[in-house]
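Written out below as structure tokens is the structure these notes cover.
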Amino acid sequence: MLTLKAITENTEEVLRKLAVKHFDGKEIIGKIIELDVQRRTSQSALDANLATINTLSRSVGQLMKEGKKEEAEALRTQVTETKENNKYLEASMKGAEEEMQNLLVLIPNTPHESVPEGRHAEDNVTERTGGSIPELPEDALPHWDLAKKYDLIDFEMGVKITGAGFPVYKGKGARLQRALINFFLDCAREQGYLEIEPPYMVNAASGYGTGQLPDKEGQMYHDTVDDYYLIPTAEVPVTNIYRDVILDEKDLPVKNTAYSACFRREAGSYGKDVRGLNRLHQFNKVEIVRIDTPEHSYKSLEEMVNYVQSLVDKLELPWRILRLCGGDMSFTSALTFDFEVFSAAQKRWLEVSSVSNFESYQANRLKCRYRDANRKTQLCHTLNGSALALPRIVAALLENNQTPEGIRIPKALIPYTGFDIID
RNA sequence: GGAGAGAUGCUCGAGUGGCUGAAGAGGCACGCCUGGAAAGCGUGUAAACGACUAAAUCGUUUCGCGGGUUCGAAUCCCGCUUUCUCCGCCA
């Protein structure tokens with residue numbers, strides 16, 4: 001969430017930036033500022049009261065020691081009376097605090113200055129493109145047909161075992177999953193990312209920490225017996241490692257990578273968008289996460305974008321990078337670049353990665369701070385990106401590399417698959 | 001799942017109702033000493049919020065978390081979480 005400081009000190013700027021995300025924050029921010037005043041007034045009064053009580057209580061002890069019973073008794077009643085007022089002040093302070101918190105989490109992150117205007121996906125700006133789109137024959141097959149032809153993925157079996165969106169990978173289809181995961185993890189490690197294997201379920205506190213709660217409650221699978229959530233991305237458990245942590249500036253940027261299965265309910269999508277591997281309830285993904293200083297975080301973001309680009313290049317896929325417009329950005333992000341690869345038989349671009357700088361928005365909720373050169377604690381900036389999500393990469397690989405002999409595996413991947421063609 | 005024992009600052013560890021935000025030790029930082037270093041000596045070493053815009057200062061809160069008792073709680077009571085040991089079960 002946004003810091004109270006930013007809201008109270010730069011109100012106009014915050015409102016202007018929120019407008020880029022098409023969020024009208026005027027009313028809610030006015031209310032927050034009001035509550036902040038109430039909170040501070042109550043706290044000042046309460047603190048003064050508590051100070052009196054502390055002083056008096058010490059005197060009671062002193063008087064008791066000296067045997068001055070009656071005087072002690074008198075002070076005692078005085079304290080009891082003073083305490084009466086505390087209940088009211090405390091309720092006022094805590095009430096304001098809580099109400100303020102509830103409002104703060106409803107405000108999205110402010111976008112970076114470079115975020116383009118726009119409401120929809122069509123308004124995103126293409127940053128750059130790479131690779132070449134293959135010329136496929138007329139009878140080229142979409143990946144769901146290829147998956148069936150070569151017996152790589154069984155969607156119907158997944159329906160039988162669980163439900164729609166839970167595919168079963170078989171044979172070379174399964175091995176391709178394993179190969180891609182290992183390939184992505186090795187590449188990240190070579191770039192200095194520490195590999196993490198996190199839990200796939202998190203508690204509510206972690207969900208709040210990264211902003212999935214309360215905003216996207218319905219997108220996560222929720223185990224109500226133990227109140228755990230299945231992770232929609234490894235970002236959640238990995239970033240929460242740094243919840244309530246004060247890092248040393250010399251240890252920044254922190255660079256972590258993690259593979260995990262990801263679980264998303266994705267309610268209400270139908271048609272070609274969800275056909276085959278295009279959208280699933282369970283899928284594999286390797287994530288990269290960084291914690292950095294405010295001064296360096298955009299440099300980090302650039303490095304991450306370049307890194308993801310190197311991955312799609314190694315996989316020889318045609319790609320493009322989009323700078324998301326205000327309306328298409330996520331709630332918590334300040335600047336996001338989406339990576340899309342072209343799936344040549346479906347003839348459409350598929351999003352395979354989203355790389356974002358959250359600035360201090362997540363860190364504020366996480367209380368993830370660092371000690372700067374002056375030994376002062378400051379909020380970190382958090383960043384993350386997919387590197388990469390597997391299903392749509394597989395879709396593009398299958399479709400783009402189909403030949404009459406079979407499906408060719410890109411050279412960089414062959415050491416990981418152990419085969420160079422699917423036939 | 002059953003029984004027992006714990007949870008104190010960066011770490012170890014003392015502390016069973018009253019100037020205890022917390023002894024002592026270690027670590028770390030700075031200073032003195034030294035040709036340089038070690039040793040030695042000295043000083044410092046939590047966070048959040050408020051007073052106030054910042055520094056200094058002062059106040060409040062925090063000894064796993066949440067309640068309660070009390071004039072006063074790290075210390076007493078209740079609930080929860082969690083760690084360890086033993087038993088059971090299990091990949």
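Every chain is numbered from 1, with letters handed out A, B, ... down the list of sequences. Only a predicted model underlies this, so the values are computations on that prediction, with no experimental measurement involved.
- Side chains of Lys285(A) and Thr233(A): a donor on one and an acceptor on the other come within 3.5 Å.
- A salt bridge links Asp186(A) with Arg189(A); the closest basic N to acidic carboxylate O contact falls under 4.0 Å.
- Under a 4.0 Å N-O distance rule, the pair Asp36(A)/Arg40(A) qualifies as a salt bridge.
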Could you list the protein-to-nucleotides 72-78 of chain B atom pairs, N/O on both sides, closer than 3.5 Å?
residue, atom, partner, partner atom, Å
G72(B), OP1, Lys83(A), NZ, 2.6
G72(B), O4', Ser57(A), OG, 3.4

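- With sequence neighbours excluded, the residues forming a side chain to side chain contact (heavy atoms under 4.5 Å, CB included) with Pro199(A) are Pro237(A), listed by chain and number.
- Taking the P atoms as reference points, A47(B) lies 14 Å from G9(B), given to the whole Å.
- Atom C1' of G88(B) sits at a distance of 35 Å from the matching atom of C76(B), rounded to the whole Å.
- If you find the closest nucleotide of RNA chain B to Thr80(A) and to Leu50(A), the one lying nearer the 5' end belongs to Leu50(A).
- Taking atom P on both nucleotides, A73(B) is separated from C80(B) by 24 Å, rounded to a whole Å.
- Stretches of at least 3 consecutive Watson-Crick or G-U wobble pairs, with each checked distance under 3.5 Å, appear in RNA chain B as B:1-7 with B:81-87, B:10-12 with B:24-26, B:27-32 with B:40-45, B:46-51 with B:57-62, B:64-68 with B:76-80.
- Both Gly61(A) and Ala51(A) lie close to RNA chain B; mapped to their nearest nucleotides by heavy-atom distance, the more 5′-ward contact belongs to Gly61(A).
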Between the protein and nucleotides 49-56 of chain B, are there any N/O to N/O pairs under 3.5 Å, and if so, what are the atom names and distances?
residue, atom, partner, partner atom, Å
C49(B), O3', Arg39(A), NH2, 2.6
C49(B), O2', Gln43(A), OE1, 2.2
C49(B), O2', Gln43(A), NE2, 3.1
C49(B), O2, Gln43(A), NE2, 2.9
G50(B), OP1, Arg39(A), NH2, 2.7
G50(B), O4', Gln43(A), OE1, 3.4
G50(B), O4', Gln43(A), NE2, 3.2
G50(B), O2', Ser44(A), OG, 2.8
A51(B), OP1, Arg40(A), NE, 3.1

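- Using the six-membered ring where Trp is involved, Phe166(A) and Tyr221(A) have ring planes that are tilted, between 30° and 60° apart.
- The separation of G6(B) from U75(B), taken at their P atoms, amounts to 15 Å, rounded to a whole angstrom.
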Run the side-chain contact (heavy atoms from CB on, under 4.5 Å) test on Leu315(A) and Phe183(A) for me, step by step, so that the C-alpha distance in whole Å, both residues' side-chain angles and the decisive distance to 0.1 Å come before the verdict.
CA-CA 10 Å; Leu315(A) 293 175; Phe183(A) 172 66; 3.9 Å; yes
Could I get a table of every N or O pair under 3.5 Å where one atom is in the protein and the other is in nucleotides 44-47 of chain B?
residue, atom, partner, partner atom, Å
A47(B), OP1, Arg371(A), NH1, 2.7
A47(B), O3', Arg369(A), NH1, 3.2

Listed pairs under 3.5 Å, donor-acceptor, residues 150-164 of chain A side chains, sequence neighbours left out:
residue, atom, partner, partner atom, Å
Asp151(A), OD1, Lys170(A), NZ, 3.1
Asp154(A), OD1, Glu156(A), N, 3.2
Asp154(A), OD1, Met157(A), N, 2.9

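- With P as the reference atom, C63(B) and A7(B) are 14 Å apart, rounded to whole Å.
- Residues from residues 85-92 of chain A placing a heavy atom under 4.0 Å of any atom in RNA chain B do not occur.
- G17(B) and A5(B) have their C1' atoms separated by 25 Å, with the value rounded to a whole Å.
- Partners of Arg290(A) according to the salt bridge (Lys or Arg N to Asp or Glu O under 4.0 Å) rule, which considers only residues two or more places apart in sequence or in another chain, are Glu303(A).
- Taking atom C1' on both C77(B) and U20(B), the two are 22 Å apart, rounded to the nearest angstrom.
- Take Glu73(A) and apply the salt bridge (Lys or Arg N to Asp or Glu O under 4.0 Å) test, not counting sequence neighbours, and it matches Arg76(A).
- Across C87(B) and C28(B), the matching P atoms stand 41 Å from one another, rounded to whole Å.
- Residues satisfying the side chain to side chain contact (heavy atoms under 4.5 Å, CB included) test with Asp244(A), not counting sequence neighbours, are Lys367(A).
- For Glu351(A), the salt bridge (Lys or Arg N to Asp or Glu O under 4.0 Å) test picks out no residue, with sequence neighbours left out.
- Considering only residues two or more places apart in sequence or on other chains, Arg16(A) meets the salt bridge (Lys or Arg N to Asp or Glu O under 4.0 Å) condition with Glu113(A).
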